[in-house]
Amino acid sequence: MTLLDHNDDASGSDLIKDTTTQTFVRDVIEESRHQPVLIDFWAPWCGPCKQLTPIIEKAVRAAKGKVKLVKMNIDEHPAIPGQMGIQSIPAVIAFVNGQPADGFMGAQPEGQINAFIEKLTQGMPSGDADILAEADALLAEGDAASAASLYAEALAQDSASVPALAGLARCYVVTGSLDQAKQTLAMVPEAKRADPAVAAVQSMLDLVEQAQAVGPVAELEQKVAANPLDHQARYDLATALNAKGQRSDAATHLLEIVKRDRKWNDDAARKQLLQFFEAWGGDDDATVDARKRLSTILFA
């Protein structure tokens, strides 16, 4: 069996498929809101990839729908692995609730892959994944109140659910209930504080609090117009614009600082951009666009 033949014997299911740069968000990001998705980066010339293929496919089928496998040929689709910093293959990254959660590199024995999948899928009560997926969708549509109710329902089933805690905290941030957001984040177990979803909400919270301290947008715009080299005013303006949801404009101002004076205030503009990216999410259009623009400036 070749690396491109796996869909033919997937027992009539869609547990295993190939993806492209264009379909990555749908096949991996969105699908991972329903159950964990493994993205396998490979290439036809890669020997260890050929060793891994039958082993990981067998393990995914044995999981009976708890996890899906999506494969991406990095020769044909280099953009996504490039953005994710994939430097050697095979590389397998697990996505859960729209975010990378775990992964491994190189061919692995069957026992280790089975253990990896078991660790990824254990502890989620039946139906919890569907509740979280619906809550995520409602929050994305702007219905924070309904989303919060569903996150609370998920927490009633599993009080330590990190995706539910992060989602509920995000609802509080969106609605301006910052103290409740902090209290919710404090309930996340110490060992899970570095979880991408938790870190993203913490960044959102930090940025909102920063914006409260910088003053009105109109005043900051006047300062920047009067003196384009007032980097602090431009930095504050970017922070204020981000709080109002004007992501592209916020990024543009920080990029302007990086372009004019990369070392200003200990590289503060670039660091703030990275915090924006964490809060917005790696697949957000504003993040993707600003990353490209930042790379152009840094490596020109």
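No experiment lies behind these values; they were computed from the predicted model shown.
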From Thr175, Val173, Asp179, Val174, residue fulfilling side chain to side chain contact (heavy atoms under 4.5 Å, CB included) relative to Ser177: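 That would be Thr175.
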So does [Y] get a backbone contact from the side chain of [X], meaning a donor-acceptor N/O pair under 3.5 Å?
X	Y	result
Asp266	Ala268	no
Thr287	Asp283	no
Ser32	Gly98	yes
Thr23	Thr19	no
Arg270	Arg262	no
Gln180	Gly176	no
Arg193	Val198	no

Apply side chain to side chain contact (heavy atoms under 4.5 Å, CB included) to Val28 and Ile93, showing your working. CA-CA 10 Å; Val28 179; Ile93 307 297; over 6 Å; no
Beyond-backbone contact of [X] with [Y], side-chain heavy atoms, under 4.5 angstrom:
X	Y	answer
Leu38	Ile117	yes
Tyr235	Leu254	yes
Glu110	Lys58	yes
Lys271	Gln275	no
Leu185	Val201	yes

Please indicate whether Met105 has more than 12 foreign heavy atoms, meaning atoms of other residues, nucleotides or ligands, lying under 6.0 Å from its CE.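 No, because the 6.0 Å sphere around CE of Met105 holds 12 heavy atoms or fewer from other groups.
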Neighbour count >12 (heavy atoms, 6.0 Å) for atom CD, Gln87: no
Carboxylate-amine/guanidinium proximity below 4.0 Å for [X] and [Y]:
X	Y	answer
Arg234	Glu256	no
Arg33	Asp136	yes
Lys17	Glu31	no

Straight-line distance of [X] [atom1] to [Y] [atom2], nearest 0.5 Å:
X	Y	atom1	atom2	result
Leu178	Met204	CG	CE	10.0 Å
Ile89	Asp75	CD1	CG	7.0 Å
Glu134	Leu150	CD	CG	5.0 Å
Ile131	Tyr151	CD1	OH	12.0 Å

Can you confirm whether the side chains of [X] and [Y] place a donor and an acceptor under 3.5 Å from each other?
X	Y	result
Asp236	Gln232	yes
Asp206	Gln202	yes
Asp143	Ser146	yes

What heavy-atom pair brings [X] and [Y] nearest, and what distance separates the two atoms?
X	Y	result
Thr239	Leu207	CG2-O, 4.1 Å
Ala107	Pro90	N-CG, 3.8 Å
Ile113	Ala59	CG2-CB, 3.7 Å
Trp280	Ala251	CH2-CB, 4.2 Å
Ala250	Phe276	CB-CE2, 3.8 Å
Val217	Ala240	CG2-CB, 3.7 Å

Residues forming a salt bridge (Lys or Arg N to Asp or Glu O under 4.0 Å) with Asp285, sequence neighbours excluded: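 So Asp285 forms no salt bridge (Lys or Arg N to Asp or Glu O under 4.0 Å) with any residue.
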Test side chain to side chain contact (heavy atoms under 4.5 Å, CB included) applied to Gln108 and Ile55, step by step: CA-CA 8 Å; Gln108 304 287 328; Ile55 298 174; over 6 Å; no
Among pairs that include at least one residue of residues 82-106, which meet salt bridge (charged side-chain N to carboxylate O under 4.0 Å, His left out), considering only residues two or more places apart or in two chains? Asp102-Lys119
